[in-house]
Amino acid sequence: MDKNQSLMKLSKVSKVFLKGSVDEVTALDNIRLDVGAEDFITVIGSNGAGKTTLLNVISGVYPPEKGGKITINGQDVTRLSEHKRARYVSRVYQNPHIGTAAKMTVEENMSLAMLHGQSRGLRIATNKKYRELFRSVLAPLGLGLEDRISALVGTLSGGQRQALSLVMATISKPSLLLLDEHVATLDPKTNRIVLELSEMIVQKEKMTTIMVTHNMKHALRYGNRLTMMHKGKIIVDIHQEKKSNLSVNDLVVAFEHASGERFSDDSIMLRNADS
Amino acid sequence: MDYVINLLSVSLYEGLAYGFVTLGVYITFRVLAFPDLTVDGSFPLGGAVAATLIVSGVNPWLATLVAFIAGICAGLATSLLNTKLRINALLAGILMMVSLYSINLAIMGRSNVSVLRNATVFKQTAQLFGIKSTTILSIIFMVVLTIVILGILNWFLRTEIGLALRATGDNGQMVRGLGVSTDMTTIIGVSLSNGLVALAGGLIAQKQGFSDVGMGIGMIVMGLASVIIGERLFRPRGITTILFAVIGGSLVYRLFLGIALRLGLPPNNLKLSTALLVIIALAIPYIQKKVRGEWMPPAKRM
């Protein structure tokens, strides 16, 4: 295999909401992105920059505007629906409630995730072999989940649920992992646990990853490539060597240079205070 | 004493037969979070299909099976309206319920069909065992059938597809993200639910001796009342206990109903009483919070 072979290509990907009305919004504006198989890309940008829309288009929640094209492993997936695209893509959401089913047990949730993107039949979904496997992947989290395998997920804390979401999203080893501000709602301590866990899994399984974040320090600390979005465009794309020497200040300068605007997003600056 | 035994045996038999309606309502309302109103039409559909076939000389067992399949088709229609044409679940159910009224009349050719003089599954089983009393036999018959159906459901809801079906009502977004079409799981669940309801309709028509186009009125409310009673009374955890609790709810509901009628509740007030029961059960959580001074969001409209 070539070093950092291309895994996913986006070309001319745009998304316009409320087309034709006075409130028309161009959430994605002609995006071109080539994601290498070994990339761990962090995506940063203010509210409304198009980060979540980008992940929605990649995971197939809605298709891009006509003319846009998305290929994964060389295959055109542009028109594949969300559940069909799940064969390639796995996602952890900002809200822990979206990644897990509250009225089902930890074991049942994990069993659902085991068949990520595969066809399902009439075999009994849970079994002893799985249970052992689940315990062995949950134990290293240090959250005590391995002992609560038959507890209803609704009785877990937000941090536990998000750690479970992460394990569920990665247990089937998808080609592409999408992390959508997945630690934004967690308290600083669990925030760090889940982030470090994410990095550990990504490195161990060599998963191609795109992580959206609000937090500049997180964007700098994790991954090998940093992109910044603004008004539906990717305005900064910095690779490995350059990225390791960057500081938050450099990012602000890069933003102002690329967008031609003054950096004034308080929410980004404020969020840097918390870790 | 006879009177108590009679009350208990009728409640037991009817509770089990209507238990299939309750299971159907449980699958749509609770498992899929799909408030399906087709039930009021698919119950008489089962009765109409079974009675009409029996009168025209078809084997009652086959007629009952066809009633079950007819119910599956009704559920299929409702779920296709919802998933493929994106019609709101409540409205899709109402549209099918209204359509089924005409369809049921068309099947029967009039507003009711009697099977009193014809062979039914109950009479045939009685003959097979040489028993005259059909009450005891009906109870045994229903117990066996209930155990078989609970066994199948308990297995199905634990399979890979069954698990995805249960997660659909809980968190559809997650299910799609894991690569399962929630359209597919909704179609399977709503069809299965209406199949069970029509099966109950077919059995009740054979037991009472006739099928009537109006026999489905209030079935959903009755099913909901039974589900709620089962959940509150038995506080089930895990899918097996839930299935038993749902049947238990149906039994308790029938028993209450029997007692209320004996105590002089006019049969005409039956539906009103059931509706009141459901209203009270649904309002209790809100009133409790109100008393404790907690906040509750406004009710959903759609």
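Side chains included, hydrogens not; waters and symmetry mates left out as well; all remaining heavy atoms used. Reminder, nothing fancy here: chain letters follow the sequence lines and each chain counts from 1.
- Side chain to side chain, B:Thr38 and B:Asp36 meet the donor-acceptor criterion of an N or O pair below 3.5 Å.
- Across A:Ala86, A:Gly117, A:Ala102, A:Gly121, the residue that shares the most heavy-atom pairs under 4.5 angstrom with chain B is A:Gly121.
- Within 6.0 Å of atom OH in B:Tyr286, 12 or fewer heavy atoms from other residues, nucleotides or ligands are found, so the atom counts as exposed in its surroundings.
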What do the steps show when you test B:Arg166 against A:Glu108 for salt bridge (charged side-chain N to carboxylate O under 4.0 Å, His left out), and what is the final call?
CA-CA 10 Å; B:Arg166 284 160 61 200; A:Glu108 287 169 337; 2.8 Å; yes
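- With chain B as partner, the option from A:Arg87, A:His97, A:Arg120, A:Met168 having the largest number of non-hydrogen pairs under 4.5 angstrom is A:Arg120.
- A:Lys19 has no carboxylate O lying under 4.0 Å from a charged side-chain N of A:Glu24, or vice versa, which leaves the two without a salt bridge.
- With chain B as partner, the option from A:Val89, A:Leu122, A:Leu152, A:Thr100 having the largest number of non-hydrogen pairs under 4.5 angstrom is A:Leu122.
- Between A:Glu107 and the choices A:Arg148, A:Arg131, A:Arg135, the salt bridge (Lys or Arg N to Asp or Glu O under 4.0 Å) rule is met once, by A:Arg131.
- Around atom CZ of B:Phe244, no more than 12 heavy atoms belonging to other residues, nucleotides or ligands sit under 6.0 Å away.
- Both the backbone and the side chain of A:Lys103 have a heavy atom closer than 4.5 Å to some heavy atom of chain B.
- For A:Ser150, the part lying under 4.5 angstrom from a heavy atom of chain B is the backbone only.
- Listed options A:Ala125, A:Ala113, A:Ser59 were ranked by heavy-atom pairs under 4.5 angstrom with chain B; first place goes to A:Ala125.
- Counting heavy-atom pairs closer than 4.5 Å to chain A, the top-ranked of the candidates B:Asp170, B:Asn171, B:Val180 is B:Asp170.
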